[in-house]
Colleague: 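Below you will find the structure I want to go over with you.
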Amino acid sequence: MTDGLEVPDATATVLLPAVVARVAALADRLGVAHAEVFDVGRLSVASGVPEPVVKALLSGRPAGEPDLQARFLQRLDLLRRTRLKPNRRRYTQQEIADGAGMSRQQAGALINGDRRPTMEHCDAIQRFFRVHAGFLTAEDPEALAGTLQRSEQELLQQLADRERAAAQAVDDPLERLLQDHGVRGIAWRAAQLPTDQHRDKVAEWLDMLLESVKRPES
């Protein structure tokens, strides 16, 4: 696909296994079933990646549609099937055209694959369906990795909430400090960094923070 659309960065092919591992570890720590966090249907709807491709990517197999035009059409079809009007009916071509600020002829040509979309077309359609930037164009591993990263953030928030409740129960000032600054979540993420140098920088910051507060004398 041309006309202003750039090929997304393929580094997500390498990133995806790391994100999957982090999400799995967080789920285990929280006691959340893997079947819930890695639900193929949910991940497909959220990312736009077809279910068979989601399954393959989660299992570590290379998969995905390499052609940007075909990928755009897959994602747009999924949006029309899953992002419905309040009456549970699909948006018409005219409604998509009006909402995206284009003519019905333009919208029809894009939906039918008769016209290659520009980045402006993609942005307008994404805004209309209220999905994140890149939904229509991201490579399949990148799209799935992004969706799992959002799941990771939700799990980290659950972990923080649980530990905050535990800290309040024991009324420990140091525990409250850790929660107020999100230290445990930072430490969890730091453990996933690729090199000792990266982890050391985070550790230095945590040491400075912890040294600034002392437990009250007993």
Side-chain angles (χ1 to χ4, degrees), residues 8-66 70-71 74-84 88 126 129-170 175 178-179 181-196 198-199 202-203 206:
D9 188 354
T11 56
T13 304
V14 177
L15 172 65
L16 179 59
V19 178
V20 170
R22 291 202 305 269
V23 170
L26 274 170
D28 290 341
R29 185 168 180 179
L30 288 164
V32 178
H34 284 203
E36 179 179 341
V37 294
F38 295 117
D39 179 81
V40 171
R42 180 185 65 82
L43 291 174
S44 176
V45 170
S47 65
V49 179
E51 290 191 21
V53 178
V54 172
K55 289 180 182 179
L57 291 172
L58 289 178
S59 67
R61 302 195 307 275
E65 174 55 63
R71 197 160 63 237
Q74 283 182 349
R75 304 276 174 82
L76 183 54
D77 177 67
L78 182 141
L79 285 178
R80 297 191 71 202
R81 288 186 288 105
T82 60
R83 273 63 167 185
L84 304 176
R88 307 306 298 168
Q126 285 162 176
F129 282 105
R130 298 182 180 180
V131 293
H132 58 271
F135 185 97
L136 289 168
T137 57
E139 292 185 355
D140 289 320
E142 179 186 4
L144 183 56
T147 296
L148 286 172
Q149 284 175 322
R150 288 185 282 277
S151 296
E152 180 184 13
Q153 292 301 317
E154 293 173 1
L155 293 172
L156 282 168
Q157 185 59 55
Q158 291 180 35
L159 181 62
D161 291 343
R162 188 175 74 178
E163 293 187 343
R164 183 178 297 112
Q168 292 172 346
V170 299
E175 286 294 326
L178 295 177
Q179 293 305 319
H181 289 271
V183 171
R184 295 193 187 282
I186 294 170
W188 176 271
R189 296 292 294 275
Q192 317 302 323
L193 291 172
T195 68
D196 290 340
H198 289 105
R199 289 187 288 273
V202 177
L206 294 177

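Heavy atoms only: backbone and side chains are in, while hydrogens, waters and symmetry mates are out. Throughout, numbering of the chain's residues begins at 1 and tracks the sequence.
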Colleague: I need the single residue from L57, V49, L144 that forms a side chain to side chain contact (heavy atoms under 4.5 Å, CB included) with L43. Which is it?
Modeller: L144
Colleague: Can you list everything that forms a side-chain contact (heavy atoms from CB on, under 4.5 Å) with V20? Sequence neighbours excluded, please.
Modeller: L16, F38, L58, L148
Colleague: Just verifying a value: how many Å separate L159 CG and E154 CD, rounded to the nearest 0.5 Å?
Modeller: 14.0 Å
Colleague: For R130, which residues count as a side-chain contact (heavy atoms from CB on, under 4.5 Å) partner, sequence neighbours excluded?
Modeller: none
Colleague: Applying side-chain contact (heavy atoms from CB on, under 4.5 Å), name anything that partners A27, two or more places apart in sequence or on another chain.
Modeller: V32, H34, V37
Colleague: List the steps, then state whether side-chain contact (heavy atoms from CB on, under 4.5 Å) holds for D140 with R75.
Modeller: CA-CA 10 Å; D140 289 320; R75 304 276 174 82; 2.7 Å; yes
Colleague: Which residue pairs pass the side chain to side chain donor-acceptor pair (under 3.5 Å) test when at least one of the two sits in residues 36-52, sequence neighbours left out?
Modeller: none
Colleague: For the residue pair R71 and T137, establish whether any side-chain heavy-atom pair is separated by less than 4.5 Å.
Modeller: no
Colleague: For R88, what residues pass the side-chain hydrogen bond (donor to acceptor under 3.5 Å, both in side chains) criterion, not counting sequence neighbours?
Modeller: none
Colleague: Does anything in residues 40-64 form a ring pair (Phe, Tyr, Trp, His ring centres under 6.0 Å)? List the pairs, not counting sequence neighbours.
Modeller: none
Colleague: With side-chain contact (heavy atoms from CB on, under 4.5 Å) as the test, would you mind laying out the steps for E65 and E139 before giving the verdict?
Modeller: CA-CA 8 Å; E65 174 55 63; E139 292 185 355; over 6 Å; no
Colleague: Heavy-atom distance under 4.5 Å between the side chains of Q149 and L15, does that happen here?
Modeller: yes
Colleague: Once you round to the nearest 0.5 Å, how far does CZ of R162 lie from CG of L30?
Modeller: 5.0 Å
Colleague: Any side-chain heavy atom of F129 within less than 4.5 Å of one from L78?
Modeller: no
Colleague: Can you name the nearest heavy-atom pair linking A133 to Q126, along with the distance?
Modeller: CA-NE2, 3.7 Å
Colleague: Quick one, L136 with L79, criterion side-chain contact (heavy atoms from CB on, under 4.5 Å). Give me CA distance, side-chain angles, the key distance, then yes/no.
Modeller: CA-CA 9 Å; L136 289 168; L79 285 178; 3.8 Å; yes
